[in-house]
Amino acid sequence: MSVVYPGSFDPLTCGHMDILKRGAALYDRIFVGVLNNAQKRHAFSLDERKSFVELACRAEGLQNVEVRAFDGLLVDFAQACGAQAILRGLRTPEDFTYEAQLCAANRHLAPELETVYLIAKPALAFLSSALVREIGSYNGTIDGLVPDAIKNTIAERLSKR
Ligand code: PNS
């Protein structure tokens, strides 16, 4: 069974990576969908965001993960990948409120596509890409917040913003 794991990944965090690793153990194949939305301003380019996921997955030896850019509707991307489900992580009650709406919209568009949620490990539940961007922009340490394989590149880029 295959699944899509979509997101902005601006940048990939250890929280994303935890969901990705746990998903990779559950599903035969995971397509990571990196959002390419011209209307959304990202700190990192699409190529950077994709390469962060690729590098981190290589470092972890994840063999069943494929990274793809997507624009347009998530359900169309999932169908193009031939996936049966959408994977998302849940950290907080606020996430739940947003995710319940996203899930309902996607169910309306594609009733056959399930959305599956993995609850974040408590130690990672505080973590977000926005937090990484803020800490990094003030030259704070992002050790333990983003995967080691991409830590230096991200820190360098954020300190120059
Ligand atoms: O990492 P994010 O920013 O929380 O990811 C949000 C994402 C990419 C899952 C969401 O914005 C999305 O699915 N965008 C594609 C457009 C779409 O299908 N929207 C939901 C139905 S209205």
Side-chain angles (χ1 to χ4, degrees), residues 1-24 26-27 29-57 60 62 65-122 124-137 142 145-147 150-151 153-154 157-158 161:
M1 199 171 184
S2 58
V3 70
V4 292
Y5 179 43
S8 304
F9 304 110
D10 190 32
L12 180 78
T13 69
C14 289
H16 294 129
M17 206 54 203
D18 176 52
I19 300 296
L20 190 45
K21 280 194 279 187
R22 289 160 59 194
L26 289 171
Y27 290 93
R29 201 160 171 72
I30 297 204
F31 297 94
V32 178
V34 181
L35 185 68
N36 178 20
N37 183 344
Q39 270 124 50
K40 227 172 159 178
R41 281 178 61 89
H42 292 112
F44 294 91
S45 71
L46 176 66
D47 283 349
E48 285 175 311
R49 291 180 287 126
K50 271 180 73 191
S51 83
F52 292 151
V53 184
E54 280 159 357
L55 288 167
C57 287
E60 290 285 345
L62 297 180
V65 177
E66 189 180 314
V67 185
R68 293 184 180 180
F70 85 100
D71 53 18
L73 288 175
L74 174 56
V75 293
D76 292 339
F77 171 66
Q79 277 157 354
C81 291
Q84 292 77 38
I86 297 166
L87 176 68
R88 294 282 287 168
L90 276 182
R91 295 165 300 187
T92 59
E94 290 72 30
D95 273 359
F96 178 83
T97 305
Y98 169 66
E99 292 296 333
Q101 192 182 24
L102 197 69
C103 175
N106 287 331
R107 187 186 300 281
H108 170 78
L109 293 168
E112 71 288 356
L113 207 56
E114 278 296 352
T115 306
V116 175
Y117 292 94
L118 291 179
I119 303 243
K121 286 183 182 165
L124 296 170
F126 73 98
L127 185 52
S128 67
S129 296
L131 198 88
V132 169
R133 292 197 300 272
E134 177 152 357
I135 293 173
S137 70
I142 55 170
L145 304 184
V146 300
I150 55 174
K151 177 179 73 181
T153 312
I154 292 175
R157 270 280 276 101
L158 289 174
R161 288 180 76 213

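Counting starts at 1 for both ligands and their atoms, following the listed order.
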**Item:** Closest non-hydrogen atom pair between E99 and Y117, with its separation
**Value:** O-OH, 3.2 Å
**Fill in**
Residues at least two apart in sequence or cross-chain that pass ring pair (Phe, Tyr, Trp, His ring centres under 6.0 Å) with Y27, listed by chain then number, are none
**Prompt:** What residue pairs, at least two apart or across chains, pass salt bridge (charged side-chain N to carboxylate O under 4.0 Å, His left out) with a residue in residues 36-50?
**Reply:** E48-R157
Could you go through ligand 1 and note, for every N or O atom, any protein N or O atom closer than 3.5 angstrom, writing the atom names and distance to 0.1 Å, or 'none'?
residue, atom, partner, partner atom, Å
ligand 1, 1 (O), S8, N, 2.9
ligand 1, 3 (O), S8, OG, 2.7
ligand 1, 3 (O), K40, NZ, 3.3
ligand 1, 4 (O), R88, NH2, 3.0
ligand 1, 5 (O), R88, NH1, 3.4
ligand 1, 18 (O), L74, N, 2.8

**Asked** Around atom CZ of F126, are there more than 12 heavy atoms of other residues, nucleotides or ligands at under 6.0 Å?
**Response** yes
**Asked** If you draw a 6.0 Å radius around CD in Q101, do more than 12 non-hydrogen atoms from other residues or ligands fall strictly inside?
**Response** no
Distance-only criterion, 3.5 Å: show the donor-acceptor pairs between side-chain atoms of residues 10-18 and protein atoms not counting sequence neighbours.
residue, atom, partner, partner atom, Å
D10, OD1, A43, N, 3.2
D10, OD1, F44, N, 2.9
D10, OD2, A43, N, 2.8
T13, OG1, G15, N, 3.1
T13, OG1, H16, N, 3.1
T13, OG1, H16, ND1, 3.3
H16, ND1, T13, N, 2.9
D18, OD1, K121, NZ, 3.3
D18, OD2, R22, NH1, 2.9

